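As structure tokens, the structure follows; a few thoughts come after it.
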Number of protein chains: 2
Amino acid sequence: MARGFVTAEEVAKRAGVSRSAVSRTFTPGASVSQAVRRKVLKAARELGYRVNRLAQGLNNDRSNLIGVVGANLSAPFHAKQLDLLSIGLLRRGLQCLLLNAADARKDIAPLIELLFEFRAQAIIVLSGEPPESIVDQCIANGVRLILINQKIDRTDTSMVLSDDSRGADLAALRLIEAGCKKVAVISSGSQTPAQVRRTTAFKKKMATAGVEVVAWSGGTTSYESGYQAGCEVLVDEAIDGAFCVTDLLALGFLDAARTEMHRRVPADLSVVGFDDIPQAGWKSYELTTVAQSFSALTEHVLEALEADEMETRLQVVPVTMVERKTARR
Amino acid sequence: MARGFVTAEEVAKRAGVSRSAVSRTFTPGASVSQAVRRKVLKAARELGYRVNRLAQGLNNDRSNLIGVVGANLSAPFHAKQLDLLSIGLLRRGLQCLLLNAADARKDIAPLIELLFEFRAQAIIVLSGEPPESIVDQCIANGVRLILINQKIDRTDTSMVLSDDSRGADLAALRLIEAGCKKVAVISSGSQTPAQVRRTTAFKKKMATAGVEVVAWSGGTTSYESGYQAGCEVLVDEAIDGAFCVTDLLALGFLDAARTEMHRRVPADLSVVGFDDIPQAGWKSYELTTVAQSFSALTEHVLEALEADEMETRLQVVPVTMVERKTARR
DNA sequence: ATGAAAGCGCTAACAC
DNA sequence: GTGTTAGCGCTTTCAT
């Protein structure tokens with residue numbers, strides 16, 4: 001639909017110079033005289049000329065496009081991540097080609113292949129696990145692959161992830177400190193690698209501490225699932241603590257605990273979450289939670305993007321406990 | 001960075017056919033014999049060939065790229081909108097080039113110009129108001145411009161927006177029905193057109209009903225601003241109703257009302273919001289609010305995208321009142 | 001149905 | 001410093 005766009009040739013004609021003079025004028029480190037440059041700029045302005053980046057990318061082999069694939073983009077965690085990421089990319093002069101998978105489990109591979117067709121220079125995966133074959137194709141084609149909060153067993157792709165097991169340990173410690181005797185771990189039915197890591201680390205820590213833990217898992221990673229978890233898990237009156245592997249789950253769980261299951265938090269029940277999404281700080285919740293550093297995560301992703309060596313990069317970002325009001329002191 | 005990508009020429013060589021045969025094989029309605037097609041497909045598979053859409057777009061003048069510019073993408077409303085939109089685009093075979101403005105007020109024009117350089121076929125503006133000159137350039141270049149919840153006085157661009165004034169009327173009516181005598185309208189300091197429309201329509205309706213209204217406005221469109229509004233506005237004990245022009249504001253306002261200003265909702269105070277973001281339905285809030293139909297909004301945007309005539313399109317999407325528990329019955 | 005050739009808008013290597 | 005020329009990977013007449 002470029003119909004209507006002015007070409008460099010037209011500008012050249014109008015300015016009375018050659019096609020290349022125009023090109024040079026718009027190429028940062030080129031040699032053009034002030035006189036020519038001025039003429040070109042004038043003509044370009046009058047005609048409303050814009051460099052065609054697609055054509056530009058065609059011969060210097062750099063599309064400037066960074067593919068971002070994700071799913072469930074309206075979930076606070078992903079939304080926040082995408083927000084930061086897209087700003088960061090833009091700031092570095094990179095464009096973000098966003099592909100939103102309706103279903104993270106299955107739709108991710110075709111999306112990455114689509115990104116190949118657009119010659120994305122790198123691909124950032126926000127959620128979903130790319131199959132081996134796709135990873136192979138990435139390295140074969142020289143496309144950098146960066147996985148967020150996803151760990152796969154390869155030395156040829158970048159991964160940046162929060163320290164899930166450390167976070168789970170912190171959560172466990174905190175619940176122990178709150179004096180809990182029987183706790184629940186709540187995760188969603190989607191069982192993403194990150195959730196699995198958190199769950200198992202938590203169980204392990206609790207086991208060594210001799211605290212009984214019951215695991216619940218089901219539904220999607222949503223407020224609703226958390227709510228449902230609360231309703232089901234808390235019929236057991238003995239439960240006095242819960243670790244929800246995601247804040248969204250925690251918020252739903254909290255609401256179920258308070259409104260449906262009549263627990264006082266943190267008097268009867270201590271709850272800790274994971275992520276520290278904006279809503280966790282809202283007055284109605286004030287959730288004690290393990291914070292992922294969105295900005296650090298983003299920073300490392302951008303770094304991995306720019307690193308010139310496609311070296312092995314497994315960046316583990318530290319997490320911190322943010323103390324609010326849902327765990328007993 | 002296409003370094004490593006296989007070209008059609010290599011496939012042709014391997015398949016023992018001409019370059020054009022390869023092209024035809026990958027062009028939907030072209031005439032190739034089954035024999036050739038098979039050979040090409042085989043060679044392509046073995047080599048890992050992918051059509052280069054950038055080059056493809058170069059000569060048939062269609063990039064397949066749809067520019068999406070927005071800001072504040074982690075806000076629930078925008079996140080939801082973007083989520084739906086990106087899925088819809090993908091489903092229609094269009095790619096989404098996302099540009100996130102750090103500041104909606106000022107950064108939007110350069111982003112649109114950048115989109116020109118990528119030869120975006122259309123540009124969807126999620127937030128922020130594009131200056132006249134930019135709009136002119138869009139039409140000059142044959143780039144369709146679609147504004148969401150933004151109304152500008154032009155006949156050559158598509159706009160799809162929720163029926164803000166009708167929504168404000170509904171809110172007013174509801175507050176009157178709740179028996180409010182003195183109400184507040186809360187908006188953010190950013191004063192987006194949508195917020196202004198809602199505020200003025202609300203005031204007008206209340207005026208004709210003879211209900212006193214005090215307006216508060218400040219900060220960004222956020223939970224925090226809503227909270228602050230609550231703290232400041234509710235020192236006036238006479239206020240027994242509030243219309244927050246955005247759910248995010250409403251949620252903050254509610255929390256301030258309940259925790260800080262000791263109001264019972266809806267007994268002492270009725271609150272109604274606007275948008276119906278997911279959090280409005282959470283148990284801790286159960287906000288009575290005017291719902292925008294995200295899906296209808298998205299649907300119309302996609303339609304506007306595909307309409308072959310770049311006719312005037314001002315699509316006003318109906319809103320509905322969703323009754324929950326923050327307005328007195 | 002198929003190959004040769006021209007061209008999409010641009011950049012870069014090469015002369016001058 | 002500047003114009004000429006040759007591509008970048010693809011599609012599309014135009015012959016055959």
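All values below were derived from every heavy atom in this structure, side-chain atoms included, with hydrogens, water molecules and symmetry-related copies excluded. None of these values were measured; they are calculated from a predicted model.
One atom, CG of N60(B), and another, P of dG9(D), lie 17 Å apart when rounded to the nearest Å. At whole-Å resolution of the value, CD in E9(A) and P in dA6(C) are 17 Å apart. Rounded to whole Å, atom P of dG3(D) lies 15 Å from atom NZ of K13(A). Taking atom CG of residue L54(A) and atom P of nucleotide dG9(C), one finds them 12 Å apart after rounding to whole Å. A straight line from CG of N64(B) to C1' of dC10(D) spans 14 Å, rounded to a whole angstrom. Rounded to whole Å, atom C1' of dG9(C) lies 15 Å from atom CG of N141(B). Straight-line distance from the CG atom of N59(B) to the C1' atom of dC8(C): 5 Å, rounded to whole Å. Taking atom CZ of residue R62(B) and atom C1' of nucleotide dG9(C), one finds them 18 Å apart after rounding to whole Å.
Ranked by how close their nearest DNA chain C nucleotide is to the 5' end, S18(B) and L58(B) are led by S18(B). For the pair R19(A) and A35(A), nearest-nucleotide mapping onto DNA chain D gives the more 5' position to A35(A).
Side-chain atoms of S20(B) and base atoms of dA4(C) include a donor and an acceptor less than 3.5 Å apart. Between the side chain of N52(B) and the base of dC10(D), no donor-acceptor pair under 3.5 Å is found.
For the pair V68(A) and L98(B), the minimum side-chain heavy-atom distance is 4.5 Å or more. At a threshold of 4.5 Å between non-hydrogen side-chain atoms, the residues N60(B) and Q56(B) count as touching.
Residue S31(B) is in base contact, counting any heavy-atom pair closer than 4.0 Å across all strands shown. Looking at heavy-atom distances under 4.0 Å, F26(B) makes no contact with the nucleic acid at all. Nucleic acid contact class of S33(A) (heavy atoms, under 4.0 Å, all strands): sugar-phosphate only. If you check every strand for non-hydrogen atoms under 4.0 Å, R24(B) touches a base. Among the protein residues, V22(B) comes within range of no part of the nucleic acid, since none of its heavy atoms lies under 4.0 Å from any strand. Within the 4.0 angstrom heavy-atom criterion, no nucleotide atom of any strand lies near R37(B).
Between R91(B) and E299(B) no salt bridge is recorded (no basic side-chain N to carboxylate O distance below 4.0 Å). A salt bridge links E46(A) with K42(A): at least one charged nitrogen is closer than 4.0 Å to a carboxylate oxygen.
Distances were taken from every side-chain heavy atom of T27(B) (C-beta onward) to each of dG9(C), dT11(D), dA12(C); the shortest belongs to dT11(D).
Side-chain N/O atoms of S23(A) include none lying less than 4.0 angstrom from OP1 or OP2 on dC10(C).
In this structure, the separation between CG on L314(B) and OG1 on T155(B) is 11.5 Å, given to the nearest 0.5 Å.
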